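Here's the structure we're looking at; comments come further down.
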Amino acid sequence: YDQFIDSLTDNGCDRWEKMLKIQPKATDTVEIRRFRIKTKLNEDLPYTYNALVHMLNNLCGEGHYTIQIDNDKYKIKILIELTVKRMRDEVESTIKRIIPANLILEVKIRYNQHMTLGKYTHEQLNMYGHKQLREEVLNA
């Protein structure tokens with residue numbers, strides 16, 4: 001199992017973390033540790049838009065994020081899906097290491113919107129509170 005990043009065991013994570021000089025947190029799950037290893041391996045200089053898209057596809061999955069670039073304000077805003085919200089901080093720190101220093105980076109969670117919730121009935125949505133409807137992945 002320790003041949004591929006996506007199936008690393010604790011032992012495999014330990015080896016990769018030592019090689020990449022990553023200090024895991026005591027509360028990290030194996031999934032978070034794998035994700036951190038993957039982000040470190042995906043740091044690819046020099047920075048290009050295509051490299052950023054490739055990195056986000058690897059980290060978040062294709063279609064699970066949006067990128068908004070405001071060239072006049074030197075700002076990049078990345079919205080990531082709720083399914084990867086636990087990894088938001090890791091995505092942000094990785095992107096900060098590869099983008100030019102003069103760019104302002106904003107990484108936020110793309111919360112549920114009306115069009116997402118519109119496919120559910122009121123009865124199905126009634127099981128959730130307002131905060132859950134906005135901030136959780138729904139399985140109704």
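Computation of the quantities below employed the complete heavy-atom set of this structure, encompassing side-chain atoms and omitting hydrogens, waters and symmetry-equivalent molecules. None of the values given here were measured: they were computed from a predicted structure.
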Rounded to the nearest 0.5 Å, what separates atom [atom1] in [X] from atom [atom2] in [Y]?
X: I37; Y: M19; atom1: CD1; atom2: CE; result: 8.0 Å
X: I80; Y: I109; atom1: CD1; atom2: CD1; result: 4.0 Å
X: I69; Y: L52; atom1: CD1; atom2: CG; result: 7.0 Å
X: L20; Y: R15; atom1: CG; atom2: CZ; result: 12.5 Å
X: Y65; Y: L59; atom1: OH; atom2: CG; result: 9.5 Å

Can you get from V53 to I98 by hopping between Ile, Leu, Val, Met, Phe, Trp and Tyr side chains that sit under 4.5 Å apart? yes

Look at the side-chain heavy atoms of Ile, Leu, Val, Met, Phe, Trp and Tyr, link any pair under 4.5 Å apart, and say whether V30 and I32 land in one connected group. no

Assess, by modelled atom type and distance only, whether the side chains of N50 and H54 contain a donor and an acceptor separated by less than 3.5 Å. no

Charged N-O contact under 4.0 Å between K77 and D70: no

Does the pair K108/E106 count as a salt bridge with the N-to-O cut at 4.0 Å? yes

Mind listing the closest non-hydrogen atom pair of C60 and V91 along with its distance? SG-CG2, 4.1 Å

Closest heavy-atom contact between W16 and L8? CD1-CD1, 3.6 Å

With heavy-atom distances below 4.5 Å as the criterion, would you say the side chains of [X] and [Y] are in contact?
X: N58; Y: T39; answer: no
X: M55; Y: I95; answer: yes
X: I78; Y: I76; answer: yes
X: T29; Y: F35; answer: no

Sole residue of T66, I67, V107 in side-chain contact (heavy atoms from CB on, under 4.5 Å) with L79: T66

With respect to E17, which candidate in R33, R34, K40 satisfies the salt bridge (charged side-chain N to carboxylate O under 4.0 Å, His left out) definition? R33

Please indicate whether Q68 has more than 12 foreign heavy atoms, meaning atoms of other residues, nucleotides or ligands, lying under 6.0 Å from its CD. yes

Pair listing, salt bridge (charged side-chain N to carboxylate O under 4.0 Å, His left out) test, anchored in residues 18-28, at least two apart: D28-R36

